[in-house]
Amino acid sequence: MDKEHVFFENYAKNWDRDRKADDRVLSSFMELAAIRPGSAILDAGCGTGVLLPYLSAAAGDEGSVEGFDYSQQMIDVAKDKFSHLANVTFTTGNVLKYAFPRKHYDVVCCLNFYPHIAEHSRDVIRRLYEALVPGGMLLIMHDLPRQAVNAIHGGAPVLPPVDILEEKLISAGFSIVMAMDTDRFYFIKVVKAADEADFVYDDEEEQPAQAHAGTHHDHHHTETKRVLNRLSRITGHVEAIKRMIEDGRDCSDVLVQLAAVHSAIAGVSRVILKDHIDHCIVDAIHEGDAEAVENLKKAINTFVK
Ligand SMILES: C[S@@+](CC[C@H](N)C(=O)[O-])C[C@H]1O[C@@H](n2cnc3c(N)ncnc32)[C@H](O)[C@@H]1O
């Protein structure tokens, strides 16, 4: 057992005394999550089960909720409080090692959990991705602002700004539906594509993108590989949505997937715009190319419309 694990074992009995759960924030997480009744839900790092009654109500009689935590003491407190909920079960396990069933959960929730796996985020995100059904949803939630979370962890940036975590999730194959970093809470909702494609982690983090000669101007774009990866995923995602509609899938599921594509297109536009400013425009200014600067203004105007 490492130091952090021992910490949670020892803290379990007093966790609820010190943890101030704000019902309004947790309820608004449930509103934003819009979990469908009948869902199979995993509450990863459930602790004493603060979120379990909310998830139990959202899953309904046809659904199920699995409270999952590596601390036996935390699980025992959660069981004392919530084992009367018929659709809730409990599992003691380490998210870094546990053999989750593949393509099983409709929803995976991580409430105040991410900082504890931040060092292993790539591995954990991959594991949770594999455990989700196609079209399944991952929620990363904190009922505290990011700065407060990082302050609790001694100022270490264990909870990154949403755009940084978004990049990790996108490169894991997820599409962003919602990402909020407010002065009350932090909330990210992402979905796995609705097709059967297996997990493919982009190697964009490992390999610096190849400089690529533009087709009609002779400077370099550094983000070409990343842009092509994202566009391939968006194409696959749109194909999957077409199949959902052909199969007569629920409109609300289709809309969630469409929202994810919408946000993925906005994301790829931002990457191209940034690359353009960082390279093409810097070069153009250096070369006194007023036309390129004028074209950028037009492109920005179109983009922000
Ligand atoms: C900050 S607490 C949050 C608990 C609960 N979700 C809440 O918001 O009150 C983090 C929880 O994650 C659990 N945890 C940390 N690392 C874990 C791991 N590798 N596998 C499973 N659980 C873990 C801890 O035992 C602890 O209960």
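For ligands, and for the atoms within them, numbers begin at 1 and follow the listed sequence.
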Closest to atom 16 (N) of ligand 1 (judged by heavy-atom distance), picking from Phe8, Tyr70, Tyr114: Tyr70
Under 3.5 Å: donor-acceptor pair, side chain of Glu66, backbone of Phe90: no
Cation over ring face, Lys192 and Tyr129, 6.0 Å, 45°: yes
Lys298 with Glu294: basic N within carboxylate O range, under 4.0 Å: no
Leu111 N/O to ligand 1 N/O under 3.5 Å: yes
Audit row: Asp16, Lys81, salt bridge (Lys or Arg N to Asp or Glu O under 4.0 Å) steps and yes/no: CA-CA 11 Å; Asp16 288 342; Lys81 287 158 59 188; 2.7 Å; yes
Sub-4.0 Å atoms of ligand 1 with respect to non-hydrogen atoms of Gly93: 20 (N), 21 (C)
Under 3.5 Å: N/O of Met74 near N/O of ligand 1: no
Interfacing atoms of ligand 1 (cut-off 4.0 Å, heavy-atom, Gly47): 4 (C), 27 (O)
Ser71 neighbourhood, listing ligand 1 atoms whose heavy-atom distance to it stays under 4.0 Å: 25 (O)
N or O pair under 3.5 Å between Arg19 and ligand 1: yes
Nearest-neighbour protein heavy atom for atom 12 (O) of ligand 1, which is reported as residue plus atom name and distance: Phe113 CD1, 3.4 Å
Asn94-ligand 1 polar pair, N/O distance under 3.5 Å: yes
Proximal atoms of ligand 1 relative to Val50 (non-hydrogen, under 4.0 Å): 9 (O)
Nearest-0.5 Å distance that lies between atom OH in Tyr186 and atom CE in Met180: 12.5 Å
Nitrogen or oxygen of Gly45 less than 3.5 angstrom from that of ligand 1: yes
Whether Phe82 and His84 hold their rings parallel, tilted or perpendicular, with breakpoints at 30° and 60°: tilted
Candidate list Val65, Asp106, Leu55, Val133, test side chain to side chain contact (heavy atoms under 4.5 Å, CB included), partner Ser39, passing option: Asp106
Atom 26 (C) of ligand 1 - nearest protein heavy atom and its distance: Asp69 OD2, 3.5 Å
Separation of Met1 CE from Phe8 CZ (nearest 0.5 Å): 13.0 Å
Minimum-distance protein heavy atom relative to atom 20 (N) of ligand 1: Val95 N, 3.0 Å
Asn112 N/O to ligand 1 N/O under 3.5 Å: yes
Lys242/Glu246 under salt bridge (Lys or Arg N to Asp or Glu O under 4.0 Å): CA gap, chis, key distance, verdict: CA-CA 6 Å; Lys242 251 175 84 184; Glu246 283 160 6; 5.1 Å; no
Within reach of ligand 1, part of Ala21 (heavy-atom separation under 4.0 Å): neither
Any Trp15 heavy atom less than 4.0 Å to ligand 1: yes
Ile125 reachable from Val158 in the ILVMFWY side-chain graph, under 4.5 Å edges: no
